Undergrad: 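Below you will find the structure I want to go over with you.
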Amino acid sequence: MSDTVTDNSHDQHAVRRGKLADMRAGGFDPFRANVTPTHFSADAKALYVEGQDDVVPVTVAGRLITFRVQGGSSFVKIQDQQGPIQLYFRKDVLGEERYGVFKKALDLGDILGVSGTLFKTKTGEITVRVTEFTLVSKALRPLPEKWHGLSDPEQVYRQRYLDLIVNQESRHRLMTRARIVSAVRRFLEDRQFLEVETPVLQSVAGGAAARPFQTHHNALNTDFVLRISLELYLKRMLVAGYDRVFEIGRNFRNEGVSRRHNPEFTMLEVYQAYSDYRGMMTLVKDLLTHLVRDVVKPTETEGEGEAAVTRPSMRIKHAASGEWIDFGAEWREVKYKDLIIEKTGDAQWFSRTKEEKIEGVQKLGLYADPKWEEFELTNEIFGKLIEPTLIQPTFVTHLPKELCPLAKITVDDPSTIDVFELIIGGMEVAPAYSEQNDPDVQRAMFEAQAGEETQKIDHDFLLALEHGMPPAGGMGIGIDRLAILLTGAESIRDVILFPQLRNA
RNA sequence: GGUUUCCUAGCUCAAUGGUAGAGCAGUUGACUCUUAAUCAAUUGGUUCAGGGUUCGAGUCCCUGGGGAACCA
């Protein structure tokens, strides 16, 4: 660099721009260059044949993440989708001029492609002896610190790409999420479920109780809401004769943002004709067991030092409680009413008056709003005192019918519905129902729930039901929450690539 | 929405109300098997923004912005 009056050697952005300008002046523009890798890093390393150094040629490409120059020879690492691979540059291999370019023009964060042969270093690391290299993108900004990585949560979320470049755990966690979604698809397709896509823009936000985002279509001059659930359109597909369908899609809820809530989140919903909530129980258990065993693949180590043995496990540590969730053990099944009776110690709880229930809720140390309905008072106990304690996989069955208008009424107890909620880690992970297919009962339930707000009833869905929907089991899984559990994450933001934040 | 708390160099962090520092990264040099490489030298600050108190504010107070935890 030429002598300048002001020393800007501290300004890494300026230094890197200077290097880029020098390269361009010398006739090379990295932004116009490219390479064709033959392998990803781990695949390349797997090609090495023990004892046969410099036999296997490879071309790999990635981001420069460590840089160790020792005079005429240097070890660096690049990182691609599969992880890091070490490269060895020597002056006597590359020649004085290219080696000089390597030493002076490259910076941490640059993206380069290299060709060479595989060999094993003294310390046993499979490495590429570089014979040729090409810079294919210049990083004009420096990487975060190499040892501590990036830890400012705000920057982690706003500049997730930096987090993913430097924080190994984040790379692994978010890749596991991607693999979970992919494995869910394969699992369902193997069982003849069809993946369909239904509208995000809807005129009525049905299938759940939540405040929707509102928007407007200009050409149609029509207001729309973003969907809060996939349910009602997937059931139309059951009417259509698609007997096994699922959708993995984004839902939007215009509500609070927290460790467990992002305004947009990913939901899986599955519907299977001629099944019911019991069938869904088997399906979801098989699915989650498969995900733990074949995707997350937890291991446990017994003993220490030389005697240590690592073997596959079905247990995953729950970040919030520190407890180990055992997916391999028997999954508990319990009725909602039994849990409430156990918690309140009152076998007659469900025949108490509203006043008695208010008193009962308060006696448990909870706030009880006199405006609440009776089922809301009871559900306060469930939500605050029971659900958070259900860490091991638990099917809570037969919820009060007021909690969901879309399920079939239990034959021998008309106050409950044929449903379960799968609770794991104190969180609702998967609700499932025997789906209501009686159009008249469905209409009555909608009307009871909507009250004055009759415009919130999806009449087009009711029309579809009148054409006949087969009996069916349906299930939903919050993919984000599932990813939290399976990756041992603490927050939904840790399993969403770009969680929602305020504009900076 | 409420309470608590955080915001200092590119990054990770220091600094009783009294001259804003360190490590990494950067720059210059040495070094042909390194693993957070090493060694020597060295640059770098509108302390989130704006007000206030004070002889003096990164530090105390107020307002605003953004993040986090808990609550609703």
Side-chain angles (χ1 to χ4, degrees), chain A residues 1-19 22 53-54 64-79 83-96 99-100 102-110 116 118-130 139-163 165-168 211 254-262 319-320 365-369 371-372 380 383-384 388 490-494 499-504:
Chain A
M1 210 185 309
S2 57
D3 290 334
T4 44
V5 181
T6 51
D7 172 15
N8 68 348
S9 68
H10 66 278
D11 184 345
Q12 303 189 48
H13 185 220
V15 168
R16 285 163 183 244
R17 279 199 176 280
K19 291 182 183 181
D22 290 348
D53 282 3
D54 298 308
L64 196 50
I65 53 162
T66 65
F67 204 65
R68 285 192 284 271
V69 177
Q70 306 150 82
S73 92
S74 305
F75 285 98
V76 308
K77 279 181 184 167
I78 58 171
Q79 174 173 264
I85 185 169
Q86 182 166 262
L87 313 176
Y88 188 43
F89 289 75
R90 288 176 64 105
K91 182 153 59 175
D92 55 11
V93 172
L94 288 159
E96 184 96 26
Y99 192 74
F102 157 76
K103 273 207 322 191
K104 288 294 170 194
L106 299 192
D107 289 296
L108 285 174
D110 287 353
L118 294 171
F119 75 105
K120 205 171 211 176
T121 64
K122 274 207 299 215
T123 50
E125 181 160 355
I126 296 166
T127 301
V128 179
R129 188 186 309 275
V130 175
L140 296 173
R141 303 279 179 182
L143 287 177
E145 210 244 6
K146 65 180 173 190
W147 185 240
H148 300 93
L150 187 67
S151 59
D152 172 13
E154 186 168 359
Q155 214 174 341
V156 164
Y157 301 143
R158 288 194 198 277
Q159 292 183 277
R160 178 67 87 184
Y161 48 92
L162 291 179
D163 173 49
I165 291 168
V166 299
N167 293 334
Q168 239 274 299
R211 196 194 311 169
N254 204 342
E255 295 173 351
V257 177
S258 78
R259 227 153 57 114
R260 291 180 179 190
H261 300 87
N262 196 59
L366 297 174
Y367 171 76
D369 193 318
K371 289 199 294 280
W372 290 346
E380 182 72 3
K384 288 280 160 56
E490 305 206 354
S491 163
I492 197 169
R493 297 182 197 99
D494 297 332
Q500 214 64 51
L501 298 181
R502 272 195 182 83
N503 293 330

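Everything quoted here is computed from the prediction, not taken from an experiment.
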Undergrad: Check every strand shown and say whether Leu501(A) touches a base, only sugar-phosphate, or nothing at a heavy-atom separation below 4.0 Å.
TA: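 Sugar-phosphate only.
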Undergrad: Evaluate the side-chain proximity of Val128(A) to Phe89(A): yes if any heavy-atom separation is below 4.5 Å, no if none is.
TA: no
Undergrad: Are any of Lys104(A)'s side-chain N or O atoms less than 4.0 Å away from OP1 or OP2 of G29(B)?
TA: yes
Undergrad: Between C13(B) and G44(B), how many Å separate the two P atoms, rounded to a whole number?
TA: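 It comes out at 24 Å once rounded to the nearest Å.
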Undergrad: Could you check whether Phe119(A) gets within reach of a base, just the sugar-phosphate, or nothing at all, counting any heavy atom under 4.0 Å?
TA: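 Phe119(A): base contact, heavy atoms under 4.0 Å.
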Undergrad: Whole Å only: how far is the CD atom of Glu154(A) from the P atom of U12(B)?
TA: 11 Å
Undergrad: Quick one: is Arg68(A) getting a side-chain N or O under 4.0 Å of the A37(B) phosphate, OP1 or OP2?
TA: yes
Undergrad: Roughly how many Å apart are G45(B) and A37(B), using the C1' atom of each and rounding to a whole number?
TA: 30 Å
Undergrad: Judged by each residue's nearest nucleotide on RNA chain B, which is more toward the 5′ side, Arg16(A) or Tyr157(A)?
TA: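 Upstream on the strand: Arg16(A).
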Undergrad: From the options G67(B), U27(B), C33(B), select the nucleotide whose nearest atom is closest to the side chain of Val15(A).
TA: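 Nearest to the side-chain atoms of Val15(A), counting from C-beta on, is U27(B).
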Undergrad: For A37(B) and Lys146(A) - does any side-chain N or O of the residue sit under 4.0 Å from the phosphate oxygens OP1/OP2?
TA: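 Yes, such a contact exists.
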Undergrad: Using the P atom as the point on both nucleotides, what is the distance between G26(B) and G65(B), in whole Å?
TA: 38 Å
Undergrad: When you compare A20(B) with A15(B), how far apart are their C1' atoms, in angstrom units rounded to a whole number?
TA: 7 Å
Undergrad: Please give, in whole Å, the distance from U34(B) P to Arg90(A) CZ?
TA: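 So the two atoms are 12 Å apart, to the nearest Å.
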Undergrad: Compare side-chain N and O positions of Arg158(A) against OP1 and OP2 of G67(B) and report whether any pair is under 4.0 Å apart.
TA: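 It does, given that an N or O in the side chain of Arg158(A) lies less than 4.0 Å from OP1 or OP2 of G67(B).
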Undergrad: Among all residues two or more places apart in sequence or in another chain, which pass the side-chain hydrogen bond (donor to acceptor under 3.5 Å, both in side chains) test with Asp107(A)?
TA: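 Checked Asp107(A) against side-chain hydrogen bond (donor to acceptor under 3.5 Å, both in side chains); matches are Lys19(A), Lys138(A).
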Undergrad: If the C1' atom of C24(B) is compared with that of A36(B), how far apart are they to the nearest Å?
TA: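 My reading of the C1' atoms in C24(B) and A36(B) gives 9 Å.
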Undergrad: I want to verify a distance call: between G29(B), A68(B), G67(B), whose nearest atom is closest to the Arg493(A) side chain?
TA: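 Looking only at heavy atoms from C-beta outward on Arg493(A), the closest nucleotide is A68(B).
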Undergrad: With heavy-atom distances below 4.5 Å as the criterion, would you say the side chains of Leu150(A) and Asn167(A) are in contact?
TA: yes
Undergrad: Using the C1' atoms only, state how far G17(B) lies from G10(B), rounded to an integer number of Å.
TA: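 Per the computed distance, 30 Å lies between those C1' atoms.
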Undergrad: Give me the atom names and distance for the closest heavy-atom approach of Val166(A) to Gly149(A).
TA: CG2-CA, 4.0 Å
Undergrad: Output all residues satisfying side-chain hydrogen bond (donor to acceptor under 3.5 Å, both in side chains) with Arg16(A), sequence neighbours left out; order by chain, then residue number.
TA: none
Undergrad: Could you give the CG-to-P distance, from Asp110(A) to G26(B), as a whole number of Å?
TA: 11 Å
Undergrad: What string of B, S and - do you get for nucleotides 5-11 of chain B 5' to 3' if you count protein non-hydrogen atoms under 4.0 Å?
TA: -----BB
Undergrad: Could you pull out all residues at least two apart from Glu154(A) that satisfy side-chain hydrogen bond (donor to acceptor under 3.5 Å, both in side chains)?
TA: Arg158(A)
Undergrad: On the nucleotide A30(B), are OP1 or OP2 found under 4.0 Å from the side-chain N or O atoms that Lys103(A) carries?
TA: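 False: Lys103(A) side-chain N/O out of range (4.0 Å or more) of A30(B) OP1/OP2.
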Undergrad: Can you check the Phe67(A) CZ to C31(B) P distance for me, whole Å?
TA: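 In whole Å, C31(B) P lies 16 Å from Phe67(A) CZ.
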Undergrad: Might you list the N or O atoms of the protein lying below 3.5 Å from N or O atoms in nucleotides 70-72 of chain B, with each pair's distance?
TA:
residue : atom : partner   : partner atom : Å
C70(B)  : OP1  : Arg259(A) : NE           : 3.3
C70(B)  : OP1  : Arg259(A) : NH2          : 3.1
C70(B)  : OP2  : Arg259(A) : NE           : 3.3

Undergrad: Send over the distance from Gln159(A) CD to G67(B) P, rounded to a whole Å.
TA: 14 Å
Undergrad: Got a list of side-chain donor-acceptor pairs under 3.5 Å for residues 65-78 of chain A, not counting sequence neighbours?
TA:
residue  : atom : partner  : partner atom : Å
Thr66(A) : OG1  : Lys77(A) : N            : 3.2
Ser74(A) : OG   : Tyr99(A) : OH           : 2.7

Undergrad: Gln70(A) CD to A30(B) C1': how many Å, rounded?
TA: 12 Å
Undergrad: Can you identify which nucleotide, out of C33(B), A36(B), A68(B), has its nearest atom closest to the Trp147(A) side chain?
TA: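 For the Trp147(A) side chain, the nearest candidate turns out to be A36(B).
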Undergrad: Please tell me which of the listed nucleotides, A37(B), U34(B), U43(B), lies nearest to the side chain of Ser9(A)?
TA: U43(B)
Undergrad: Pull out every stem in RNA chain B, meaning runs of 3 or more consecutive Watson-Crick or G-U wobble pairs with both distances under 3.5 Å.
TA: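 The stems are B:1-7 with B:65-71, B:10-13 with B:21-24, B:26-30 with B:38-42, B:48-52 with B:60-64.
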Undergrad: Any luck finding a side-chain donor-acceptor pair between Gln159(A) and Tyr161(A) under 3.5 Å?
TA: yes
Undergrad: Of all heavy-atom pairs between Leu162(A) and Gln155(A), which one has the smallest distance, and what is that distance?
TA: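 Scanning both residues, the minimum pair turns out to be CD1-NE2, 4.1 Å.
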Undergrad: When you compare G52(B) with U59(B), how far apart are their P atoms, in angstrom units rounded to a whole number?
TA: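 To the nearest whole Å, 14 Å.
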Undergrad: Below 3.5 Å, does any donor atom in the side chain of Gln86(A) face an acceptor in the base of U34(B), or the other way round?
TA: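 Checked by distance alone, the answer is yes.
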Undergrad: Let me know, please, whether Val69(A) or Arg129(A) comes out on the 5' side of the other along RNA chain B by nearest nucleotide.
TA: Arg129(A)
Undergrad: Say you pick atom C1' in U3(B) and the same atom in G56(B); how far apart are they, in whole Å?
TA: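 Comparing C1' positions in U3(B) and G56(B) gives a spacing of 34 Å.
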Undergrad: Which part of the nucleic acid, if any, lies within contact of Asp92(A), taking any heavy atom under 4.0 Å across all strands shown: a base, the sugar-phosphate backbone alone, or nothing?
TA: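 Answer is base: heavy atoms of Asp92(A) come under 4.0 Å of a base.
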Undergrad: With sequence neighbours left out, what residues match Tyr367(A) under side chain to side chain contact (heavy atoms under 4.5 Å, CB included)?
TA: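 Once residues adjacent in sequence are excluded, the partners of Tyr367(A) under the side chain to side chain contact (heavy atoms under 4.5 Å, CB included) criterion are Asp369(A), Trp372(A).
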Undergrad: Measure from CG on Leu140(A) to P on G26(B) and round the result to the nearest Å.
TA: 15 Å
Undergrad: Residues two or more places apart in sequence or in another chain: which of them pass salt bridge (Lys or Arg N to Asp or Glu O under 4.0 Å) with Arg160(A)?
TA: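 Result, salt bridge (Lys or Arg N to Asp or Glu O under 4.0 Å) vs Arg160(A): Asp163(A).
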Undergrad: My understanding is that only residues two or more places apart in sequence, or in another chain, count here; which of them pass side chain to side chain contact (heavy atoms under 4.5 Å, CB included) with His261(A)?
TA: Ser258(A), Arg481(A)
Undergrad: Can you list the residues that meet the side chain to side chain contact (heavy atoms under 4.5 Å, CB included) rule with Ala368(A), with sequence neighbours excluded?
TA: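 Checked Ala368(A) against side chain to side chain contact (heavy atoms under 4.5 Å, CB included); matches are Ile358(A), Val361(A), Gln362(A), Leu377(A).
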Undergrad: Excluding sequence neighbours, so at least two apart, what forms side-chain hydrogen bond (donor to acceptor under 3.5 Å, both in side chains) with Asp152(A)?
TA: none
Undergrad: How many angstroms lie between NE2 in His13(A) and CZ in Arg141(A), if you round to the nearest 0.5 Å?
TA: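 Result: 4.0 Å between the selected atoms.
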Undergrad: Quick one: label Val76(A) by what it contacts on the DNA or RNA (base, sugar-phosphate, nothing), any heavy atom closer than 4.0 Å.
TA: nothing
Undergrad: How long is the line joining NZ of Lys120(A) and P of U34(B), in whole Å?
TA: 16 Å
Undergrad: With a 4.0 Å limit, can you tell me whether Arg502(A) has a side-chain N or O closer than that to the phosphate oxygens OP1/OP2 of G66(B)?
TA: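 Yes.
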